[in-house]
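Everything below concerns the one structure shown next.
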Amino acid sequence: MTKHTTDSGIEIKQQYAEIKSNLEPAGTFPFTRGIQPDMYRGKLWTMRQYAGFSTAEESNKRYKYLLANGTMGLSVAFDLPTQIGYDSDHMMSEGEVGKVGVAIDSLKDMEVLFDGIELEKITTSMTINATASTLLSMYIALAKKQGADIQKISGTIQNDILKEYAARGTYIYPPKPSMRIITDIFEYCSKEVPKWNTISISGYHIREAGSTAVQEIAFTLSNAKAYAQAAIEKGLDINVFGQRLSFFFNAHNNFFEEVAKFRAARRMWAKMAKELGATNPKAQMLRFHTQTGGSTLQAQQADNNIPRVTLQALAAVLGGTQSLHTNGFDEALSLPTENAARMALRTQQIIAFESGVVDTVDPLGGSYFVEALTDEVEAAAWQYIERIDAMGGAVSAIEQGYMQQEIAAASYAYQTAIEQNEKIIVGVNQFTSKEEVTPPVFKVDDSIRSIQSEKLKQLKNERNNEHVSKLLQQLEQNAKDGSNLMPTIIESVEAYATLGEVADVLRGVFGEYRA
């Protein structure tokens, strides 16, 4: 008889009988059923489509297009040089400028990126980690230039460097100074930008690297614990900064396991936060953004990605997400075309306004299968967390290569199952077609680097270079003496210091991490 399991290896029984499950109402500890008593009856999740490519001018056009089509919040993708602290004219940037996101070299670019968009009236998520302090500083500087009250601006920076060491690779500095930069952001924003979510602790990229659902939440929550402990050691109050922590998860194909994963993660974090000293319910809540699984998108029979994304989005909604990005069906081939981006947004809108799943809280709650699976996912994730704690916590586990090895092993097992036809991927290893139809793809012009380089040259000719130099010297001193870095970074970018210049100062003090 064939053995049926989830993608995390949890055995699925043929039938589930009634189980004892003390389901607390949504909005109460440990928030298994959701963080709000009325969930989507009160407010829908934010439809936050991720976009960014080429120059700030081109990305600005896409943002206005998405806003005109009903997206509720913006999510910025930055190019690789921006993510790892190089200006577009740096030799390391060649071939990558504007390719996987928008190139942002200075406040000038940020001004163009949000031209005609009032920052006080929109929430913005920025997928940025090693250079998060600089990009957030540019955003704050721009808000001030717009005349906005920075106490009112809201959004999220990803700012999760631990998963970069474990799964993604866009780090700059070693773990300890990176954690220092992150807690500096926590401290600054709790006072000056109180509505800003200062970190989005990300399981998404851990899953994209090949982890199981259980590993995704276990490693993410272990990382969250490390950030919280670092902030507490800095003297910050978890009841304050805990309210501004957010999470970012993947939605994969195994529908019921994904729903159970989201429910289990919420329950687990509530318990962890309480153990860390959080008494305010808002500091115990796991609020999360979801993106449908990029690694599940297939280049073969690309239209098949539409039902894949629909099922993943539905799992996220039934799991109680606060924010959602749906991938374009053509993203296995290129950045999404406008047609694919619109279709992705319409998918969310159909779930929200036509399916009826928003009419009651936790529609799958009480299902024998879902409740049992939630318990099993949680139990398996706790086993991982206990192992990581025994190793000295997330930072130590990453330094020892534990998370990386576990993710690699899971990725290998998953790919092997596909290659041996033990796992069916429609259009790839089963139900293939000899006549493949390739949809039109989106292409980024290779001239972007020269355009950005010319902008940088002009910027450096026009700004007060002596003033910039003094501010960068002050930043170097702050990095050495332990002062909070944020005020000087903000001053520096306001004077039009570039992202690369700020990163280079910090490289000079902290060094660069080598895996």
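What you see below is based on every heavy atom in this structure, not just the backbone, and it leaves out hydrogens, waters and symmetry mates.
Side-chain N/O atoms of Thr82 and Asp79 include a donor and acceptor closer than 3.5 Å. Counted by atom type alone, Asn421 and Asn429 present one or more donor-acceptor pairs between their side chains at under 3.5 Å. At a cut-off of 3.5 Å, with distance as the only test, no side-chain donor of Ser88 or Arg449 sits close to an acceptor on the other residue. Residues Gln452 and Asp105 bring a donor and an acceptor atom of their side chains to less than 3.5 Å of each other. Between the side chains of Arg244 and Thr156, no donor N or O sits under 3.5 Å from an acceptor N or O.
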Under the side-chain hydrogen bond (donor to acceptor under 3.5 Å, both in side chains) criterion, do Thr498 and Asp87 qualify, and how do the steps go?
CA-CA 7 Å; Thr498 70; Asp87 289 334; 2.6 Å; yes

Do Ser202 and His205 pass the side-chain hydrogen bond (donor to acceptor under 3.5 Å, both in side chains) test, and can you show the C-alpha distance, the side-chain angles, and the key distance before you say yes or no?
CA-CA 7 Å; Ser202 175; His205 305 95; 2.9 Å; yes

Would Asp359 and Tyr40 count as a side-chain hydrogen bond (donor to acceptor under 3.5 Å, both in side chains) here? Give the steps.
CA-CA 7 Å; Asp359 292 338; Tyr40 304 133; over 6 Å; no

Carefully, step by step, assess Tyr513 and Tyr173 under the rule ring-ring contact (aromatic ring centres under 6.0 Å, His included).
CA-CA 5 Å; Tyr513 180 71; Tyr173 320 109; over 10 Å; no

Phe248 and Phe288: ring-ring contact (aromatic ring centres under 6.0 Å, His included), yes or no, with the steps?
CA-CA 5 Å; Phe248 175 25; Phe288 68 99; 9.9 Å; no

In sequence, state the C-alpha distance, the side-chain angles, and the governing distance for Gln158 and Ser200, and then conclude on side-chain hydrogen bond (donor to acceptor under 3.5 Å, both in side chains).
CA-CA 4 Å; Gln158 192 164 103; Ser200 176; 5.2 Å; no

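The side-chain contact (heavy atoms from CB on, under 4.5 Å) test with Trp45 is passed by exactly one of Gln348, His289, Met39, Gln322: Gln348. No option in Glu208, Gln312, Gln291 other than Glu208 meets the side chain to side chain donor-acceptor pair (under 3.5 Å) test with Asn250.
When ring centroids are compared, Tyr139 and Trp196 come within the 6.0 Å threshold. A distance below 6.0 Å separates the ring centres of Tyr384 and Phe219.
Under a cut-off of 6.0 angstrom, the local environment of CD in Glu118 is sparse, with at most 12 non-hydrogen atoms contributed by other residues, nucleotides or ligands. Residue Phe255 qualifies as enclosed at atom CZ: its count of foreign heavy atoms under 6.0 Å is above 12. Counting non-hydrogen atoms of neighbouring residues, nucleotides and ligands closer than 6.0 angstrom, the NZ atom of Lys64 exceeds 12 such neighbours. Surrounding CE of Met72 are more than 12 heavy atoms belonging to other residues, nucleotides or ligands, all under 6.0 Å away. Heavy-atom neighbours of Gln458 CD from other residues, nucleotides or ligands within 6.0 Å: at or below the threshold of 12. Around CD of Gln415, the count of heavy atoms belonging to other residues, nucleotides or ligands within 6.0 Å exceeds 12. Annotation for Arg346: atom CZ counts as buried by contact number, over 12 foreign heavy atoms lying within 6.0 Å.
Using a 30° and 60° split on the angle between ring planes, Tyr165 and Tyr171 fall in the parallel class, below 30°. Note on ring orientation: taking the six-membered ring where Trp is involved, the planes of Phe247 and Phe249 are parallel (angle under 30°, cut-offs 30° and 60°).
With salt bridges taken as basic N to acidic carboxylate O contacts below 4.0 Å, one links Glu494 and Lys144.
Of the possible polar contacts, one joining the Asn159 side chain to the Thr198 backbone as a donor-acceptor pair under 3.5 Å is found.
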